[in-house]
2 protein chains.
Amino acid sequence: MMNSDQAATLLKQKGVRPSYQRLRVLQYLHEHIGHPTAEEIFTALSVDIPTLSRTTIYNTLHTFVSYGLVNCLTLDGVETRYDVVLQKHGHFKCHRCGTIFNFMMDVDRIETSGLEGFVIENKNIIFTGICPDCSFKKTKKGE
Amino acid sequence: MMNSDQAATLLKQKGVRPSYQRLRVLQYLHEHIGHPTAEEIFTALSVDIPTLSRTTIYNTLHTFVSYGLVNCLTLDGVETRYDVVLQKHGHFKCHRCGTIFNFMMDVDRIETSGLEGFVIENKNIIFTGICPDCSFKKTKKGE
DNA sequence: ATCATTATTGTAATGATTACAATATAGGTT
DNA sequence: AACCTATATTGTAATCATTACAATAATGAT
């Protein structure tokens, strides 16, 4: 999906020093676009990098966010999740299985009133409900 | 805005036993629609109810959410906020002063693709940016 | 090779929230 | 009105994500 060189190029492009840890975090995010948490990234990379620190993960993610490499989102109020998909999209969280799905939408077509004079920098659209899989299981079990 | 009797009626209507603490929390939420946190509610009500416990606030808010009396939202990933305005609306958070504004929008007019087969139960629209006040201050100071 | 800057690490602290057990209260029943 | 059971409140301790901070390590420029 994204090799070491591509990751390094991307980091340099954005003005972020391409350390080994940063490369690995960026690659991980590109290989796991299901909105991982800091803890998930830490656990996964720790296997390969035993000396890795949680603090590094947090620092790295903060750096990525501030340099516009990833977006962060808090869907449930528990953990912050990170997303390398930067094109405008909505998030759907299934409250049964917890999976987060991306969906397409034209964010800029939303008509609002009451925001005259506001500088809008970011638009987050979060839907919650039940995903098709869980919906199907529920029907089958006859709950 | 909402007296004790009105609050009691509303609670009974929804099947929630109208204890003194619950009445006060519900009244507080109706008098402070700026999306208070559990801590803010606790601090404010503690003055009048010195024996009040933080746990009661959390229990009460969870009860309210599960009985559909209030909505909760996490805007910044730090604290959960509570909202008695149940009509569909969007939230705008100013990242300079932290204030949260409601704005009107037609949530159901948003066109999406990729959500076929999904049961949508809730739609949250969160914008971030700079509010007119902060925008104005910034201009004046010439930062 | 040297030096200053920046990144990583580990530990300790913070802050919101939850778990849990003891006590208190509410509402229905005699 | 007293009684009893179910439910609510309280306080403390635990949990979990995140941050603060200081020491060490690595990077890049001179």
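Chain identifiers are assigned alphabetically (A, B, ...) following the order of the sequence lines, protein sequences preceding nucleic acid strands; residue numbering begins at 1 within each chain.
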Q | Comparing A:Y20 and B:Y20 on DNA chain C - which has the more 5′ nearest nucleotide | A | A:Y20
Q: Give the rounded distance in Å between these two atoms: CG of B:N59 and P of C:dT25.
A: 17 Å
Q. Can you name the closest pair of heavy atoms from A:T80 and A:T74 and give their distance?
A. OG1-OG1, 4.0 Å
Q: Please report the shortest heavy-atom distance between B:C94 and B:C131, naming the atom on each side.
A: SG-N, 3.5 Å
Q: Looking only at side-chain atoms of B:P18, point me to the closest of D:dT27, C:dT9, C:dG27.
A: C:dG27
Q: Return the nucleotide paired to D:dT10: Watson-Crick means purine N1 to pyrimidine N3 with N6-O4 or O6-N4, wobble means G-U with N1-O2 and O6-N3, both under 3.5 Å.
A: C:dA21
Q.
Main chain of B:V16, side chain of B:R22: is a donor-acceptor contact present, judged purely on distance under 3.5 Å?
A. no
(Q) Quick check against the 3.5 Å criterion: does B:T63 have a side-chain atom that pairs as donor or acceptor with the backbone of B:N59? (A) yes
Q: Measure from CD on B:E79 to C1' on D:dT18 and round the result to the nearest Å.
A: 13 Å
Q | Minimum-distance nucleotide to A:T56 side chain [options: D:dT9, C:dT9, C:dG27] | A | C:dT9
Q.
Rounded to whole Å, please give me the gap between CG in A:L52 and C1' in D:dA25.
A. 15 Å
Q: Would you tell me if any nitrogen or oxygen in the side chain of A:Q21 comes within less than 4.0 Å of OP1 or OP2 on D:dA26?
A: no
**Q.** Value in whole Å for how far the P atom of D:dT18 lies from CG of A:L61
**A.** 9 Å
Q. OP1 or OP2 of D:dT18 less than 4.0 angstrom from a side-chain nitrogen or oxygen of A:H62, does that happen here?
A. no
Q) Within the structure shown, what part of the strands sits under 4.0 Å from A:S19 by heavy-atom distance: base, sugar-phosphate, or nothing? A) sugar-phosphate
(Q) Regarding B:T63, tell me which of base, sugar-phosphate or nothing describes its non-hydrogen contacts under 4.0 Å with the strands shown. (A) nothing
Q: Give the rounded distance in Å between these two atoms: CZ of A:F42 and C1' of C:dG10.
A: 11 Å
Q: Specify the separation, in whole Å, of atom CZ of B:R22 and atom C1' of C:dA26.
A: 11 Å
Q.
Under a 3.5 Å distance rule, please check whether A:H30 uses its side chain to pair with a backbone N or O of A:Y28 as donor and acceptor.
A. no
Q: Could you state the atom-to-atom distance from OH of B:Y58 to P of C:dA16 in whole Å?
A: 7 Å
(Q) Rounded to whole Å, please give me the gap between CD1 in A:I57 and C1' in C:dT8. (A) 11 Å
Q. If every non-hydrogen atom of B:V119 is compared with every non-hydrogen atom of A:S135, which pair is closest and at what distance?
A. CG2-OG, 4.0 Å
Q) D:dA8, C:dT8, D:dT18: which one has an atom nearest the side-chain heavy atoms of A:R54? A) D:dT18
Q: Test for a donor-acceptor pair under 3.5 Å between the base of D:dA20 and the side chain of A:T55, counting only N and O atoms.
A: yes
Q: For A:T51, answer base if it contacts any base atom (sugar-phosphate contacts may also be present), sugar-phosphate if it contacts only those atoms, and nothing otherwise; contact means non-hydrogen atoms under 4.0 Å.
A: sugar-phosphate
Q: Select one nucleotide: of C:dT8, D:dT18, D:dG11, the one nearest the side-chain heavy atoms of B:S53.
A: D:dG11
Q) Just to confirm, is there a sub-4.0 Å distance from OP1 or OP2 of C:dT17 to any side-chain nitrogen or oxygen of B:T80? A) yes
